[in-house]
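Single-structure report; data block below.
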2 protein chains.
Amino acid sequence: MAETRWLDEHEMRAWSGFLAASALVNRRLDQQLKDDSGLSHPQYEVLVRLSAAPGGELRMTELANGLINSKSGLTYQVTQLEKAGLVRRRSCPSDVRGVFAVLTEAGRARLEEAAPGHVAMVREALIDVLTPAQLEALADGLGEVSRRLREHGG
Amino acid sequence: MAETRWLDEHEMRAWSGFLAASALVNRRLDQQLKDDSGLSHPQYEVLVRLSAAPGGELRMTELANGLINSKSGLTYQVTQLEKAGLVRRRSCPSDVRGVFAVLTEAGRARLEEAAPGHVAMVREALIDVLTPAQLEALADGLGEVSRRLREHGG
DNA sequence: GGCTGACGGTTCGAATTTGAACAACCCTGC
DNA sequence: GCAGGGTTGTTCAAATTCGAACCGTCAGCC
């Protein structure tokens, strides 16, 4: 193995900033969502994805891909959402194994109710803190970072 | 309440990039650390902070501040590290309530063993993917973001 | 001295997460 | 047809997380 290239001061600053911001923003968002509308951040994410999908439904696998948690974590969250009546399961006609998660009316309503507060918090915690240049650097840089991790890791 | 200012396309790109990168990088790091040296990311963080502190020891509260997890989470992790012999607890002489977490020799050794692989992964996943300009924007922008969240939230 | 309020760390129960194991199913090539 | 290999979603046990409650202690103040 090659000699270790340690992080210089610049790199270290970026790394710890990223690490801290990542943890703090996530925590703050989860807090806000739970207090404001009784949804966890993972649950909110599921609802958002479903609402953006045609017909308000997605296969479990598609939902898990590029999402925060593992397959089993998704099963759990969808079950929770189903108990709350915000989502229901529908089996796929062309593939018996397949399962669609479908956004219910109540789910869409709940999402629309939660969205404004969520967006406001996203602005307050992250977006409105950054300069336009930083915003663009973040979009480009972190976009590339996640693209690579997605490819390389499944 | 004011009209909701939704995210425009630029802002949305930055936000989802941040969200995805945050989750993916964290997951990848945890994976690498666990496979490579049997430490979780939170545990590694604790060791790093201790090793950087004078005397290799810190009060629990100081350790919890600006760290990823809650007080009780820290208690748990320190207990785990103590079981593994990488850290030990020492009560504070001037304040009976206080507890120091002290890095043991084994702990320092384990950290030195784990560090190169960890840094390599940090580079691969994040640092080396970014341009110098992006790196600086990240350091400045996210630094400010976490500073504010720390102040405003405890 | 004794009261009051804040602090430091742990304990507790409940919720969530993960990877591995599993069962059922699809598809391809023969 | 039908064996083999990869998918799909769930189940399971174990680990981790959090917040709230808690106990002992400190500091200021009368």
Side-chain angles (χ1 to χ4, degrees), chain A residues 22-24 26-36 38-46 50 57-84 87-102 153-154, chain B residues 22-24 26-36 38-46 50 57-84 87-102 153-154:
Chain A
S22 156
L24 292 172
N26 261 304
R27 180 191 289 296
R28 174 77 82 204
L29 274 182
D30 210 58
Q31 194 77 42
Q32 185 273 327
L33 278 171
K34 239 173 270 180
D35 290 351
D36 205 49
L39 292 169
S40 70
H41 192 204
Q43 288 171 347
Y44 183 86
E45 282 288 317
V46 169
L50 287 181
E57 63 179 18
L58 279 174
R59 286 287 289 274
M60 293 299 270
T61 297
E62 289 185 272
L63 211 42
N65 276 356
L67 203 61
I68 288 105
N69 36 8
S70 60
K71 268 189 311 175
S72 49
L74 180 65
T75 294
Y76 175 77
Q77 286 300 354
V78 169
T79 303
Q80 295 307 105
L81 287 169
E82 203 172 18
K83 279 183 195 164
V87 155
R88 71 187 168 81
R89 282 179 161 91
R90 181 170 81 78
S91 53
C92 173
S94 65
D95 184 342
V96 187
R97 297 168 306 173
V99 172
F100 281 103
V102 191
Chain B
S22 156
L24 292 171
N26 261 305
R27 180 190 291 296
R28 175 76 84 205
L29 273 182
D30 209 56
Q31 194 77 43
Q32 184 273 328
L33 277 170
K34 241 174 265 180
D35 291 350
D36 206 49
L39 291 169
S40 69
H41 192 203
Q43 288 171 348
Y44 183 85
E45 282 289 317
V46 169
L50 287 182
E57 63 179 17
L58 279 174
R59 286 287 287 273
M60 294 298 269
T61 297
E62 289 186 272
L63 211 43
N65 278 355
L67 202 60
I68 288 106
N69 36 9
S70 58
K71 267 190 312 176
S72 50
L74 180 66
T75 294
Y76 175 76
Q77 286 300 354
V78 168
T79 303
Q80 295 308 104
L81 288 169
E82 202 172 20
K83 279 183 196 164
V87 155
R88 71 186 167 80
R89 281 180 161 91
R90 182 169 82 77
S91 53
C92 173
S94 66
D95 184 343
V96 186
R97 296 169 305 173
V99 173
F100 282 102
V102 191

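The sequence lines fix the lettering, A, B, ..., with proteins before strands; numbering per chain opens at 1. These values consider heavy atoms only, across backbone and side chains, with no hydrogens, waters or symmetry-generated copies.
- Looking at heavy-atom distances under 4.0 Å, Q31(B) makes contact with sugar-phosphate atoms alone, never a base.
- If you take CZ of R28(B) and C1' of dT18(C), they are 16 Å apart, rounded to a whole angstrom.
- In this structure, the CE atom of M60(A) is 12 Å from the P atom of dT8(D), given to the nearest Å.
- To the nearest angstrom, P of dA14(D) lies 15 Å from CD of Q80(B).
- For the atom pair H41(A) NE2 and R28(A) CZ, the distance stands at 14.0 Å (nearest 0.5 Å).
- No hydrogens or angles were tested; on distance alone, a donor-acceptor pair under 3.5 Å links the side chain of S72(B) to the base of dG19(D).
- Within 4.0 Å of G98(A), counting heavy atoms only, lie sugar-phosphate atoms of the nucleic acid but no base atom.
- Going from atom CG of L33(B) over to atom C1' of dA15(D) covers 17 Å, rounded to whole Å.
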Give the C-alpha distance, both sets of side-chain angles, the deciding distance and a yes or no for side chain to side chain contact (heavy atoms under 4.5 Å, CB included) between T79(B) and T75(B). CA-CA 6 Å; T79(B) 303; T75(B) 294; 4.3 Å; yes
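- Residue V96(B) has its side chain nearest to dT25(D) when only dT25(D), dG9(C), dA15(D) are considered.
- For the pair Y76(A) and Y76(B), nearest-nucleotide mapping onto DNA chain D gives the more 5' position to Y76(A).
- Side-chain atoms of R97(B) and base atoms of dT25(D) include a donor and an acceptor less than 3.5 Å apart.
- At whole-Å resolution of the value, CG in L74(A) and P in dT17(C) are 10 Å apart.
- Across the protein-nucleic acid pair, L58(B) atom CG and dG9(C) atom P stand 11 Å apart, rounded to whole Å.
- A donor and an acceptor atom never sit less than 3.5 Å apart when one is taken from the side chain of T75(B) and the other from the base of dG9(C).
- Considering CG of L33(A) and OG of S40(A), their distance stands at 8.0 Å, rounded to 0.5 Å.
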When you look at R59(B) and F100(B), which way does the side chain to side chain contact (heavy atoms under 4.5 Å, CB included) test go after all the steps? CA-CA 4 Å; R59(B) 286 287 287 273; F100(B) 282 102; 3.8 Å; yes
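- Taking atom CG of N69(A) as the reference point, atom C1' of dT16(D) lies 15 Å away to the nearest angstrom.
- The side chain of D95(A) sits closest to dC25(C) out of dC18(D), dC25(C), dT16(C).
- Ranking dC18(D), dT17(D), dG8(C) by closeness to the T61(B) side chain, first place goes to dG8(C).
- What separates NZ of K71(B) from P of dC7(C) is a distance of 10 Å, to the nearest Å.
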